[in-house]
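The model shown is predicted, which means the values in this text are computed figures rather than measured ones.
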Amino acid sequence: QGELVESGGGSVQPGGSLRLSCAVSADTYTRNCIGWFRQAPGKEREGVAAIYTYGGGSPYYINSVKGRFTVSRDNATNTVYLQMSSLKPEDTAMYYCAALSRDYCHWPLVPGNFAFWGQGTQVTVSS
């Protein structure tokens with residue numbers, strides 16, 4: 001229970017794209033909110049995007065990534081994705097996915113509310 005594994009980070013130039021994946025254990029994935037967070041050195045962890053894994057509700061995004069990032073899910077593989085485009089240097093951070101304890105998403109995301117966390121994947125945007 002509560003296993004999340006991120007992948008897909010790396011180094012890209014400004015304007016580039018990356019897709020992060022978050023593989024979630026089945027019991028944690030079902031009817032739950034999965035959030036993406038990031039933390040840059042010296043800064044607090046912030047919620048970037050979130051999606052509920054059941055039904056047709058809309059995902060959530062912070063203003064700074066709207067129009068550039070897209071969160072999606074694959075219920076067949078219990079995987080949540082974060083497609084990041086038009087990346088900027090200020091997007092550089094460690095990115096984490098996290099899960100609530102089977103609840104709807106509440107915005108803004110509060111890291112302390114999330115019970116389960118992945119190990120993180122580094123995203124670096126630099127020329």
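Ring pair F114/F37 is perpendicular by interplanar angle, where above 60° counts as perpendicular and below 30° as parallel.
Annotation: side-chain hydrogen bond (donor to acceptor under 3.5 Å, both in side chains) contacts of R19 (sequence neighbours excluded): none. Partners of A115 by side chain to side chain contact (heavy atoms under 4.5 Å, CB included), not counting sequence neighbours, listed by chain and number: S101. R31 is linked by a salt bridge (Lys or Arg N to Asp or Glu O under 4.0 Å) to nothing, counting only residues two or more places apart in sequence or in another chain. For A99, the side chain to side chain contact (heavy atoms under 4.5 Å, CB included) partners are L4, T28, N32, I34, F116, not counting sequence neighbours. With sequence neighbours excluded, the residues that form a salt bridge (Lys or Arg N to Asp or Glu O under 4.0 Å) with E46 are R38. Residues satisfying the side-chain hydrogen bond (donor to acceptor under 3.5 Å, both in side chains) test with Q39, not counting sequence neighbours, are R45. The side-chain hydrogen bond (donor to acceptor under 3.5 Å, both in side chains) search around T79 returns T77, not counting sequence neighbours. Checked against ring-ring contact (aromatic ring centres under 6.0 Å, His included), Y104 has the following partners two or more places apart in sequence or in another chain: Y52. When the side chain to side chain contact (heavy atoms under 4.5 Å, CB included) test is applied to S17, the partners found at least two apart in sequence or on another chain are Q83, S85.
When the shell of 6.0 Å around CD of E44 is examined, it contains 12 or fewer heavy atoms from other residues, nucleotides or ligands.
Judged as a disulfide (SG to SG under 2.5 Å), not a single pair has a partner in residues 37-85 (not counting sequence neighbours). Applying the disulfide (SG to SG under 2.5 Å) test to residues at least two apart or on different chains, the pairs with a partner in residues 53-127 are C22-C97, C33-C105.
The minimum heavy-atom distance linking L20 with Y95 is given by the pair CD1-CB, 3.6 Å. The two residues M84 and L87 have their closest heavy-atom pair at CB-CD2, 3.8 Å. The two residues I62 and G47 make their nearest non-hydrogen contact at CG2-O, 2.8 Å.
Between the CG atom in L100 and the OG1 atom in T53 there is a gap of 10.0 Å [rounded to 0.5 Å]. Note that the OH atom of Y29 and the CG atom of N75 stand 3.5 Å from one another [nearest 0.5 Å]. Rounding to the nearest 0.5 Å gives a distance of 9.5 Å between CD of E3 and CG of D27.
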*Take D91 and R68, measure what salt bridge (charged side-chain N to carboxylate O under 4.0 Å, His left out) needs, and give me the verdict at the end.*
CA-CA 11 Å; D91 295 317; R68 301 189 299 120; 2.7 Å; yes
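Under the 4.5 Å side-chain contact rule for hydrophobic residues, W117 and L109 share a cluster. Residues M94 and V48 fall within the same hydrophobic cluster, defined by Ile, Leu, Val, Met, Phe, Trp and Tyr side chains chained together at heavy-atom separations under 4.5 Å.
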Distance-only criterion, 3.5 Å: show the donor-acceptor pairs between side-chain atoms of residues 7-15 and protein atoms not counting sequence neighbours.
none

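A 4.5 Å side-chain heavy-atom check between Y61 and V71 finds at least one atom pair inside the cut-off. Contact of the K88 side chain with the V125 side chain is not registered, since no non-hydrogen atoms from C-beta on lie closer than 4.5 Å.
For the ring-ring contact (aromatic ring centres under 6.0 Å, His included) criterion with Y60, the lone passing option out of W107, F69, W36 is W107.
The backbone N or O of E6 lies less than 3.5 Å from a partner atom in the side chain of Q119, making a donor-acceptor pair.
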